[in-house]
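Reading through the C-alpha coordinates given below for one structure.
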Amino acid sequence: SMGGFFPFPGQTVYGASKAAFERVLSDARDAHGLRAAIFRYFNASGAHSGGDIGEIHDPETHLIPNVLAAAAGRRDALTVFGTDYPTPDGTGVRDYIHVEDLADAHLKAIDYLRAGGESQILNCGYGHGYSVREVLDTVQRVHGSPLNIIEQGRRAGDPPARIAGAEKVRGVLGWTPRYDDLEEIARSSLNWERKLTEFSR
(Lines give C-alpha, C1' and ligand atoms only; values in the text may rest on other atoms or scores of the structure.)
Protein backbone atom coordinates (compact mmCIF):
# COMPACT_ATOMS: atom_id res chain seq x y z
CA SER A 1 0.00 0.00 0.00
CA MET A 2 1.14 3.55 -0.74
CA GLY A 3 -1.44 5.18 1.55
CA GLY A 4 1.13 7.24 3.47
CA PHE A 5 2.80 8.51 0.30
CA PHE A 6 0.06 10.92 -0.76
CA PRO A 7 -0.21 14.29 1.01
CA PHE A 8 -3.82 14.84 -0.15
CA PRO A 9 -6.74 12.39 -0.17
CA GLY A 10 -7.40 10.99 -3.65
CA GLN A 11 -4.13 12.31 -5.05
CA THR A 12 -2.51 10.41 -7.90
CA VAL A 13 1.13 9.32 -8.11
CA TYR A 14 1.59 12.10 -10.69
CA GLY A 15 0.10 14.68 -8.32
CA ALA A 16 2.18 13.41 -5.41
CA SER A 17 5.39 13.72 -7.44
CA LYS A 18 4.51 17.32 -8.34
CA ALA A 19 3.77 18.15 -4.70
CA ALA A 20 7.08 16.59 -3.63
CA PHE A 21 9.03 18.75 -6.06
CA GLU A 22 7.19 21.86 -4.87
CA ARG A 23 8.48 21.00 -1.38
CA VAL A 24 12.03 20.60 -2.75
CA LEU A 25 11.89 24.07 -4.30
CA SER A 26 10.42 25.52 -1.13
CA ASP A 27 13.29 24.00 0.89
CA ALA A 28 15.82 25.39 -1.61
CA ARG A 29 14.26 28.81 -1.21
CA ASP A 30 14.53 28.63 2.57
CA ALA A 31 18.07 27.22 2.58
CA HIS A 32 19.67 29.04 -0.33
CA GLY A 33 17.40 31.92 -1.33
CA LEU A 34 16.46 30.30 -4.65
CA ARG A 35 13.45 32.07 -6.12
CA ALA A 36 11.12 30.19 -8.42
CA ALA A 37 7.74 30.45 -10.08
CA ILE A 38 5.97 27.12 -9.87
CA PHE A 39 3.08 26.61 -12.26
CA ARG A 40 0.29 24.17 -11.61
CA TYR A 41 -0.85 23.48 -15.17
CA PHE A 42 -4.40 22.66 -15.99
CA ASN A 43 -5.29 21.03 -19.34
CA ALA A 44 -2.69 22.36 -21.78
CA SER A 45 -4.35 22.26 -25.19
CA GLY A 46 -4.21 23.59 -28.71
CA ALA A 47 -1.19 24.18 -30.90
CA HIS A 48 0.81 27.03 -32.37
CA SER A 49 -1.61 29.29 -34.23
CA GLY A 50 0.42 28.92 -37.44
CA GLY A 51 0.44 25.12 -37.18
CA ASP A 52 4.21 25.00 -36.71
CA ILE A 53 4.34 23.38 -33.25
CA GLY A 54 2.02 20.92 -31.55
CA GLU A 55 1.89 17.79 -29.49
CA ILE A 56 2.54 14.18 -30.44
CA HIS A 57 1.95 11.44 -27.89
CA ASP A 58 2.03 7.71 -28.41
CA PRO A 59 -0.26 6.57 -27.03
CA GLU A 60 -2.35 9.75 -27.11
CA THR A 61 -4.20 10.35 -23.84
CA HIS A 62 -5.42 13.95 -24.22
CA LEU A 63 -9.05 14.51 -25.06
CA ILE A 64 -8.88 17.05 -27.90
CA PRO A 65 -6.31 15.19 -30.07
CA ASN A 66 -8.29 11.98 -29.54
CA VAL A 67 -11.52 13.69 -30.58
CA LEU A 68 -9.80 15.03 -33.70
CA ALA A 69 -8.48 11.55 -34.51
CA ALA A 70 -12.01 10.16 -34.22
CA ALA A 71 -13.41 12.96 -36.40
CA ALA A 72 -10.75 12.25 -39.04
CA GLY A 73 -11.54 8.52 -39.01
CA ARG A 74 -8.22 7.45 -37.48
CA ARG A 75 -10.15 6.05 -34.51
CA ASP A 76 -13.30 3.98 -34.81
CA ALA A 77 -14.97 5.63 -31.84
CA LEU A 78 -14.44 7.93 -28.92
CA THR A 79 -15.24 6.76 -25.41
CA VAL A 80 -16.74 9.18 -22.89
CA PHE A 81 -16.14 8.03 -19.33
CA GLY A 82 -18.87 9.20 -17.01
CA THR A 83 -22.09 10.94 -18.01
CA ASP A 84 -23.67 11.20 -14.57
CA TYR A 85 -21.39 13.70 -12.83
CA PRO A 86 -22.99 16.61 -10.92
CA THR A 87 -22.15 19.00 -13.79
CA PRO A 88 -24.48 20.87 -16.16
CA ASP A 89 -24.50 18.09 -18.80
CA GLY A 90 -23.29 15.15 -16.69
CA THR A 91 -19.78 14.94 -18.18
CA GLY A 92 -16.51 15.98 -16.57
CA VAL A 93 -15.51 19.64 -16.72
CA ARG A 94 -11.89 20.73 -17.19
CA ASP A 95 -10.03 24.02 -17.55
CA TYR A 96 -8.39 23.89 -21.00
CA ILE A 97 -5.58 26.42 -21.46
CA HIS A 98 -4.10 27.18 -24.87
CA VAL A 99 -0.38 26.40 -25.06
CA GLU A 100 0.46 29.87 -26.39
CA ASP A 101 -1.09 31.46 -23.31
CA LEU A 102 0.84 28.97 -21.18
CA ALA A 103 4.10 29.94 -22.91
CA ASP A 104 3.31 33.62 -22.38
CA ALA A 105 2.77 33.00 -18.66
CA HIS A 106 6.25 31.46 -18.47
CA LEU A 107 7.82 34.50 -20.15
CA LYS A 108 6.01 36.80 -17.74
CA ALA A 109 7.24 34.68 -14.82
CA ILE A 110 10.86 35.10 -15.97
CA ASP A 111 10.38 38.88 -16.16
CA TYR A 112 8.76 38.83 -12.71
CA LEU A 113 11.64 36.91 -11.13
CA ARG A 114 14.30 39.03 -12.88
CA ALA A 115 12.63 42.11 -11.41
CA GLY A 116 13.10 40.65 -7.91
CA GLY A 117 9.73 39.00 -7.43
CA GLU A 118 9.31 36.50 -4.61
CA SER A 119 8.74 32.79 -5.17
CA GLN A 120 5.19 31.93 -6.18
CA ILE A 121 3.01 28.90 -6.72
CA LEU A 122 0.52 29.75 -9.47
CA ASN A 123 -2.38 27.89 -10.99
CA CYS A 124 -2.13 28.22 -14.75
CA GLY A 125 -5.58 27.99 -16.29
CA TYR A 126 -8.40 30.28 -17.33
CA GLY A 127 -10.56 29.96 -14.23
CA HIS A 128 -13.48 28.33 -16.05
CA GLY A 129 -14.03 25.03 -17.74
CA TYR A 130 -15.67 23.14 -20.56
CA SER A 131 -17.39 19.80 -20.32
CA VAL A 132 -16.46 16.75 -22.35
CA ARG A 133 -19.69 17.17 -24.32
CA GLU A 134 -18.82 20.81 -25.09
CA VAL A 135 -15.42 19.70 -26.36
CA LEU A 136 -17.03 17.01 -28.55
CA ASP A 137 -19.57 19.45 -29.97
CA THR A 138 -16.91 22.09 -30.68
CA VAL A 139 -14.53 19.68 -32.42
CA GLN A 140 -17.36 18.24 -34.52
CA ARG A 141 -18.35 21.77 -35.56
CA VAL A 142 -14.78 22.85 -36.37
CA HIS A 143 -13.85 19.63 -38.16
CA GLY A 144 -17.20 19.21 -39.86
CA SER A 145 -17.39 15.47 -39.18
CA PRO A 146 -19.69 13.56 -36.83
CA LEU A 147 -18.28 11.34 -34.10
CA ASN A 148 -19.07 7.79 -33.10
CA ILE A 149 -19.35 8.20 -29.32
CA ILE A 150 -19.42 5.35 -26.81
CA GLU A 151 -20.54 6.19 -23.28
CA GLN A 152 -19.13 4.24 -20.36
CA GLY A 153 -19.10 4.56 -16.59
CA ARG A 154 -16.81 6.84 -14.63
CA ARG A 155 -13.12 6.05 -14.30
CA ALA A 156 -11.87 5.68 -10.74
CA GLY A 157 -10.28 8.87 -9.43
CA ASP A 158 -11.70 11.27 -12.04
CA PRO A 159 -13.21 14.31 -10.30
CA PRO A 160 -16.39 15.89 -11.70
CA ALA A 161 -14.61 19.19 -12.35
CA ARG A 162 -11.10 20.60 -12.18
CA ILE A 163 -10.96 24.38 -12.59
CA ALA A 164 -8.00 26.69 -11.92
CA GLY A 165 -8.24 29.47 -9.38
CA ALA A 166 -6.61 31.86 -11.87
CA GLU A 167 -6.82 35.24 -10.14
CA LYS A 168 -3.34 34.99 -8.61
CA VAL A 169 -1.47 34.28 -11.86
CA ARG A 170 -3.19 37.23 -13.50
CA GLY A 171 -2.51 39.58 -10.59
CA VAL A 172 1.07 38.58 -9.76
CA LEU A 173 2.34 38.34 -13.34
CA GLY A 174 0.00 40.79 -15.06
CA TRP A 175 -0.89 37.91 -17.38
CA THR A 176 -3.82 38.34 -19.75
CA PRO A 177 -4.77 35.31 -21.88
CA ARG A 178 -5.24 35.85 -25.62
CA TYR A 179 -6.60 32.45 -26.68
CA ASP A 180 -9.28 31.81 -24.05
CA ASP A 181 -11.74 30.25 -26.46
CA LEU A 182 -12.53 26.56 -26.93
CA GLU A 183 -13.13 26.98 -30.66
CA GLU A 184 -9.70 28.63 -31.08
CA ILE A 185 -8.11 25.75 -29.17
CA ALA A 186 -9.90 23.24 -31.40
CA ARG A 187 -9.00 25.10 -34.62
CA SER A 188 -5.32 25.35 -33.74
CA SER A 189 -5.28 21.65 -32.83
CA LEU A 190 -6.93 20.83 -36.16
CA ASN A 191 -4.34 22.92 -38.05
CA TRP A 192 -1.57 20.95 -36.33
CA GLU A 193 -3.26 17.63 -37.09
CA ARG A 194 -3.49 18.60 -40.77
CA LYS A 195 0.18 19.59 -40.77
CA LEU A 196 1.11 16.19 -39.29
CA THR A 197 -0.89 14.47 -42.03
CA GLU A 198 1.05 16.44 -44.68
CA PHE A 199 4.38 15.46 -43.07
CA SER A 200 3.48 11.76 -43.05
CA ARG A 201 2.71 11.63 -46.79
Side-chain angles (χ1 to χ4, degrees), residues 1-23 38-47 54-99 101-102 121-143 145-166 180-190 192-193 196:
S1 169
M2 299 177 69
F5 179 71
F6 301 105
F8 305 109
Q11 188 175 42
T12 63
V13 171
Y14 173 76
S17 68
K18 301 282 271 186
F21 197 72
E22 285 182 10
R23 285 194 301 275
I38 299 170
F39 285 122
R40 291 176 176 166
Y41 291 3
F42 281 69
N43 289 51
S45 306
E55 60 181 325
I56 304 174
H57 299 127
D58 186 16
E60 181 58 70
T61 59
H62 295 167
L63 177 61
I64 293 174
N66 276 327
V67 179
L68 284 166
R74 292 191 308 277
R75 291 176 58 116
D76 293 335
L78 188 84
T79 304
V80 174
F81 295 98
T83 58
D84 61 345
Y85 286 109
T87 60
D89 65 20
T91 62
V93 173
R94 298 293 181 267
D95 193 331
Y96 296 91
I97 177 171
H98 195 286
V99 290
D101 281 332
L102 196 56
I121 297 176
L122 303 165
N123 291 333
C124 215
Y126 290 143
H128 62 84
Y130 298 101
S131 72
V132 171
R133 287 195 199 281
E134 287 177 299
V135 171
L136 298 178
D137 290 346
T138 301
V139 170
Q140 287 179 104
R141 185 170 62 251
V142 166
H143 193 278
S145 299
L147 295 170
N148 180 20
I149 298 168
I150 298 170
E151 295 183 356
Q152 290 192 1
R154 301 179 188 185
R155 291 182 299 197
D158 279 355
R162 187 176 289 131
I163 308 295
D180 182 2
D181 179 75
L182 183 58
E183 191 157 315
E184 172 60 32
I185 289 170
R187 285 191 190 285
S188 65
S189 297
L190 177 58
W192 171 244
E193 290 280 329
L196 283 179

Under the rule for salt bridge (charged side-chain N to carboxylate O under 4.0 Å, His left out), what residues qualify as partners of [X], not counting sequence neighbours?
X	answer
R94	none
R141	E183
D137	none

H98 (side chain) donor-acceptor with A44 (main chain) under 3.5 angstrom: no
Side-chain (D95) to main-chain (G127) donor-acceptor, under 3.5 angstrom: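 Side chain of D95 to backbone of G127: a pair is present.
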ring-ring contact (aromatic ring centres under 6.0 Å, His included) contacts in which one or both residues fall within residues 78-97, not counting sequence neighbours: none
Nearest-0.5 Å distance, [atom1] of residue [X] to [atom2] of residue [Y]:
X	Y	atom1	atom2	value
L182	E134	CG	CD	7.0 Å
N66	T79	CG	OG1	9.5 Å
I185	S45	CD1	OG	5.5 Å
L147	L68	CG	CG	9.0 Å
K18	I38	NZ	CD1	9.5 Å
I149	T83	CD1	OG1	11.5 Å

[X] versus [Y], closest heavy-atom pair with distance:
X	Y	result
H143	S145	ND1-OG, 3.0 Å
H128	I163	N-CG2, 3.6 Å
S189	G46	OG-CA, 3.2 Å
V142	A186	CG2-CB, 4.2 Å
A166	G125	CB-O, 3.3 Å

Stepwise side-chain contact (heavy atoms from CB on, under 4.5 Å) check, V80 with R133: CA-CA 9 Å; V80 174; R133 287 195 199 281; 5.8 Å; no
Residue pairs passing the salt bridge (Lys or Arg N to Asp or Glu O under 4.0 Å) test where at least one lies in residues 154-166, sequence neighbours excluded: D84-R154, R155-D158
Y130 vs T138, side-chain contact (heavy atoms from CB on, under 4.5 Å): CA-CA, chis, key distance, verdict: CA-CA 10 Å; Y130 298 101; T138 301; over 6 Å; no
Member of I97, L102, N123 meeting the side chain to side chain contact (heavy atoms under 4.5 Å, CB included) criterion with Y41: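 Exactly one option meets the side chain to side chain contact (heavy atoms under 4.5 Å, CB included) with Y41, and it is L102.
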Passing candidate, side chain to side chain contact (heavy atoms under 4.5 Å, CB included) with L78, options N148, I150, V132, V67: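 Among the candidates, only V67 passes.
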Counterpart residues, side-chain hydrogen bond (donor to acceptor under 3.5 Å, both in side chains), relative to N43 (two or more places apart): none
Test side-chain contact (heavy atoms from CB on, under 4.5 Å) applied to S131 and D89, step by step: CA-CA 7 Å; S131 72; D89 65 20; 2.5 Å; yes
